[in-house]
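Every value quoted in this text rests on a predicted model; they were computed, and no experiment measured them.
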Number of protein chains: 2
Amino acid sequence: MDDLTEMLKGTLEGCVLEIIGREETYGYVITRQLNELGFADVIEGTVYTILLRLERNGLVQVTKRPSGMGPPRKFYSLNDAGRAELGKFWAKWEYLSSRIDKLKEGGR
Amino acid sequence: MDDLTEMLKGTLEGCVLEIIGREETYGYVITRQLNELGFADVIEGTVYTILLRLERNGLVQVTKRPSGMGPPRKFYSLNDAGRAELGKFWAKWEYLSSRIDKLKEGGR
DNA sequence: AGTGGTACTCGGTGATACGGAGTACTGAGA
DNA sequence: TCTCAGTACTCCGTATCACCGAGTACCACT
């Protein structure tokens, strides 16, 4: 698939929120999950910048735990603000994708 | 609706391509059409930057015609490269939106 | 003469995904 | 023992994009 980076802007962060919302997890695993989900070219550096942003914006709770298999991990989970943001993200996505699909089907 | 600008990145240009692909048209009208299609906050300046980019990238053919109702209009139509780009855009959109919808439905 | 609608250009801003280099810890194989 | 691969995170810089504001210009109507 062609380069998706521009199209991912604004949506990738929402995807990360969704993944975190399911269960407490950490950056390395999130990257792997995104890759498996079809976001094949998303790289670790990108995910970590998103995670730092989420933390800075107060949308997640962070817990550092030793790993046993490498350096310690930073586990992320959503707080109330994060869940609210996730809801807003899906509302925006639904709105946008419905308009674009309508345009695609010939709506004018 | 909340601010969609980040989510529009990468998709708005494709929407403009789609509109141009239907019939030769110009910036002012494209803006109005986008607004009616639900992209309510898209402003003229944004559309014009996209049109200049399309022109610079050689995806459109441009014809200037006097207006009778204001300054002359720059009419845009797709050339072969533009049609190819439009096809790629829809392929990317379908790919991306299917992945995200799957994620939304609980896929993992 | 002035106002409002039409129509385009240009320079700058902020947000985002990406890329690369660097750090650091663990365990397995040469 | 030494190296290498895998795990895990940070930081700094880049490119691209949508947006915004100011400016220019043309026309019609009052």
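Side-chain atoms of B/Thr49 lie closest to C/dG11 of the nucleotides D/dT7, C/dA7, C/dG11. Looking at the side chain of A/Tyr28, the nearest of the listed nucleotides D/dA18, C/dC18, D/dA8 is D/dA8.
The side chain to side chain donor-acceptor pair (under 3.5 Å) test applied to A/Asn79 returns no partner, not counting sequence neighbours.
Rounded to whole Å, the distance from OH on B/Tyr26 to P on C/dT6 is 9 Å. Atom CG in A/Leu52 sits about 16 Å away from atom P in C/dA15, given to the nearest Å.
Residue A/Thr5 is in sugar-phosphate contact alone, with no base atom involved, counting any heavy-atom pair closer than 4.0 Å across all strands shown.
Nucleotides of DNA chain C nearest to B/Glu6 and B/Lys64 differ in position, and the one nearer the 5' end is that of B/Lys64. Both B/Lys74 and A/Ile43 sit near DNA chain C, but only B/Lys74 has its closest nucleotide nearer the 5' end. Mapped onto DNA chain D by nearest heavy atom, B/Leu12 and A/Tyr76 fall at different nucleotides, with A/Tyr76 at the one closer to the 5' end.
Taking only side-chain nitrogens and oxygens, A/Tyr48 comes nearer than 4.0 Å to OP1 or OP2 of D/dC9.
Between A/Leu52 and A/Lys74, the closest side-chain pair of non-hydrogen atoms falls below 4.5 Å.
Going from atom CZ of B/Phe89 over to atom CD of B/Glu18 covers 8.5 Å, rounded to the nearest 0.5 Å.
Remark: B/Arg99 is positioned above the aromatic ring of B/Tyr95, its terminal NZ or CZ atom under 6.0 angstrom from the ring centre and at most 45 degrees off the axis.
Put simply, the side chain of B/Lys9 and the base of D/dT16 share no donor and acceptor less than 3.5 Å apart.
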